[in-house]
Amino acid sequence: MPTRMQQFQHWALNPWTVLGCVLAGGTLGWAAPELSSRLSVVGVVYVDLLKMIVLPFMISAVIFSLQNLYRDGGAARIFKRVVVVFLAFSLMAAVLAAAGSLLVRPGGNLAPDTRAALGKIVSSDEERSNTEMTMREPDQVVPETSLRDVVQSLIPQNIFASLANGETLKALVFALLFGFAAGQVPSRISTGLHQALETIYHACQTLTRWVNLPVPLVLVCMAASQVALTGLQPMRAMAGFVVAFLCICVLLLGLAIELISRRAGVPYGEVMRAMREPFALGVATNNSATCMPAMVSGLVGQLKFARARVELLVPLSISLLRVGAVAYFVCGTLFIAALYGRALSPLDLGVLLLVSALAGFASAGMAGIVTVSLVGTVCNYLSLPFEAAFVLLVAVDPICAMGRTAVTVIASCAAVATICAKPVKL
């Protein structure tokens with residue numbers, strides 16, 4: 001029987017609650033702009049709290065998952081296959097999302113009044129963390145980033161300095177390397193570290209639930225303050241983004257079903273019946289972890305993959321293979337680039353694909369608005385503004401989160417099917 005707090009948490013994070021709070025905040029901002037403009041501090045504090053949790057959550061989740069991979073007796077034999085498949089899936093999702101976004105260009109060709117309203121958001125940024133957005137292409141040349149700069153920006157010289165500076169991707173690289181090394185340490189020595197990481201991981205999950213308790217109030221305040229500042233025009237820009245992202249999700253889902261069908265040696269209809277429950281749970285809950293029992297049941301009970309491998313790989317894939325998040329990071333970043341009239345060079349696109357794939361691993365254990373905040377990490381590598389567009393992405397996230405979670409769940413099933421041996425037909 002769920003407690004009252006659990007019931008409230010379920011209500012507070014329900015997609016319809018989130019959408020309703022954004023609409024209520026917009027109405028408040030339109031009706032009482034003077035009062036609403038003073039509520040922006042609530043959003044600033046909330047985003048800072050999310051950033052506070054991201055790094056310990058990510059590091060503990062990545063190292064903990066990699067240790068679990070090694071703790072299984074036969075896991076070392078499939079380690080290379082896991083790495084190759086996870087990287088290939090992440091990069092493929094990034095490439096397809098980039099191709100779809102560049103083809104549709106959501107955020108481009110906006111009406112002048114909408115662009116002016118968005119520019120007003122940027123020009124009022126008190127921290128000056130964003131660049132100025134004008135009604136036309138900027139005259140100044142954006143400094144080019146070399147491949148050497150990108151590589152150096154990913155390798156931490158001092159992990160403690162990277163943690164202190166909030167450098168998420170440097171911390172991720174350290175976590176991946178440390179997790180690989182920790183997996184080689186004998187269990188009798190590494191048990192203490194494993195238990196400590198598990199404690200940190202679950203403590204961060206609890207802290208995230210606490211921080212998310214006031215989400216309805218936070219969203220009302222954020223939406224009210226932004227509408228008081230800019231009006232309702234900027235929201236028109238989001239329709240194209242939502243449609244483009246959902247179309248990309250459908251494409252990725254179709255490819256995942258095709259791959260599962262080939263690996264299982266069964267028709268599409270049978271695969272869709274096996275994946276129906278995890279898909280429905282993903283859309284309904286926006287929490288891929290809750291789909292794991294249904295994923296195991298579909299892959300083992302209906303598609304006949306080996307249970308031992310499936311039970312090991314499903315939790316690992318849910319923790320590290322965030323295909324839906326990768327596609328979202330690419331679409332969100334290209335949307336922001338189109339809003340600001342920023343043309344991306346081939347090198348910029350290469351950086352976008354690589355950093356988005358890495359950010360997907362960094363999103364281990366995260367969901368909802370916390371995932372949206374990681375778009376800022378990707379934007380940072382391309383010198384794109386993010387903070388001002390955050391509330392725009394949050395406003396439509398209840399819809400995007402459904403597609404993002406569904407893609408992550410079904411693509412994880414496809415990855416598990418790829419790594420496992422094909423079922424033996426009797």
Side-chain angles (χ1 to χ4, degrees), residues 15 69 72 74-75 77-78 81-97 99-100 245-328 360 367 399-426:
L69 175 64
D72 184 275
R77 295 195 302 271
I78 63 170
R81 192 173 179 88
V82 168
V83 173
V84 171
V85 170
F86 281 17
L87 286 175
F89 272 53
S90 297
L91 290 174
M92 181 60 67
V95 170
L96 291 175
F245 178 68
L246 292 181
C247 288
I248 291 169
C249 287
V250 171
L251 173 62
L252 293 174
L253 287 170
L255 292 175
I257 294 296
E258 164 71 19
L259 183 55
I260 296 173
S261 175
R262 288 180 177 273
R263 293 293 299 174
V266 298
Y268 297 148
E270 190 170 340
V271 174
M272 294 179 72
R273 283 192 293 272
M275 295 293 102
R276 181 172 53 193
E277 185 178 355
F279 175 83
L281 282 173
V283 171
T285 65
N286 289 335
N287 187 335
S288 54
T290 63
C291 304
M292 288 193 291
M295 293 167 64
V296 173
S297 176
L299 290 169
V300 175
Q302 300 184 52
L303 300 180
K304 308 304 179 184
F305 286 97
R307 178 176 291 276
R309 283 287 176 258
V310 170
E311 290 181 342
L312 169 68
L313 293 171
V314 164
L316 188 68
S317 63
I318 286 297
S319 298
L320 294 180
L321 183 59
R322 314 291 290 182
V323 171
V326 172
Y328 182 79
I399 300 174
C400 294
M402 294 178 185
R404 195 166 60 226
T405 307
V407 168
T408 294
V409 169
I410 303 304
S412 294
C413 289
V416 172
T418 302
I419 296 169
C420 292
K422 292 183 177 182
V424 177
K425 301 298 181 182
L426 299 179

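Across Val326 and Ser90, no two heavy atoms sit closer than the pair CG1-O, 3.4 Å. Scanning both residues, Ser261 and Val271, for their nearest heavy atoms gives CA-CG2, 3.6 Å. Closest heavy-atom contact between Val266 and Glu270: CB-OE1, 3.7 Å.
For Ala256, the side-chain contact (heavy atoms from CB on, under 4.5 Å) partners are Ile410, Ala414, not counting sequence neighbours. Ala411 meets the side-chain contact (heavy atoms from CB on, under 4.5 Å) test with Val323; sequence neighbours excluded. The side-chain contact (heavy atoms from CB on, under 4.5 Å) test applied to Cys249 returns Phe245, Val407, not counting sequence neighbours. Remark: Phe305 engages no residue in a ring pair (Phe, Tyr, Trp, His ring centres under 6.0 Å) (not counting sequence neighbours). For Val95, the side-chain contact (heavy atoms from CB on, under 4.5 Å) test picks out Leu353, with sequence neighbours left out.
Looking at Pro423 and Leu303, their side chains never come closer than 4.5 Å, going by heavy atoms from C-beta outward. Using a 4.5 Å heavy-atom threshold, the side chains of Phe279 and Ile257 count as separate.
Distance check, rounded to the nearest 0.5 Å: CG of Leu96 to CG of Leu252 gives 6.0 Å. Note that CG of Leu253 is 9.5 Å distant from CE of Met272, once rounded to the nearest 0.5 Å. The structure places CG of Leu251 at 5.0 Å from CG of Leu255, a figure rounded to the nearest 0.5 Å. Summarising the geometry, atom CD1 belonging to Ile419 is positioned 5.0 Å from atom CZ belonging to Phe86; distances are rounded to the nearest 0.5 Å. Taking CG of Leu321 as the reference point, atom CG of Leu87 lies at 9.5 Å (rounded to 0.5 Å). For the atom pair Gln302 CD and Met275 CE, the distance stands at 7.5 Å (nearest 0.5 Å).
Only one option out of Ser412, Cys420, Cys413 pairs with Val416 in a side-chain contact (heavy atoms from CB on, under 4.5 Å); it is Cys420.
Listed by first then second residue, pairs satisfying salt bridge (Lys or Arg N to Asp or Glu O under 4.0 Å) with a partner in residues 249-261 read Glu258-Arg262, not counting sequence neighbours.
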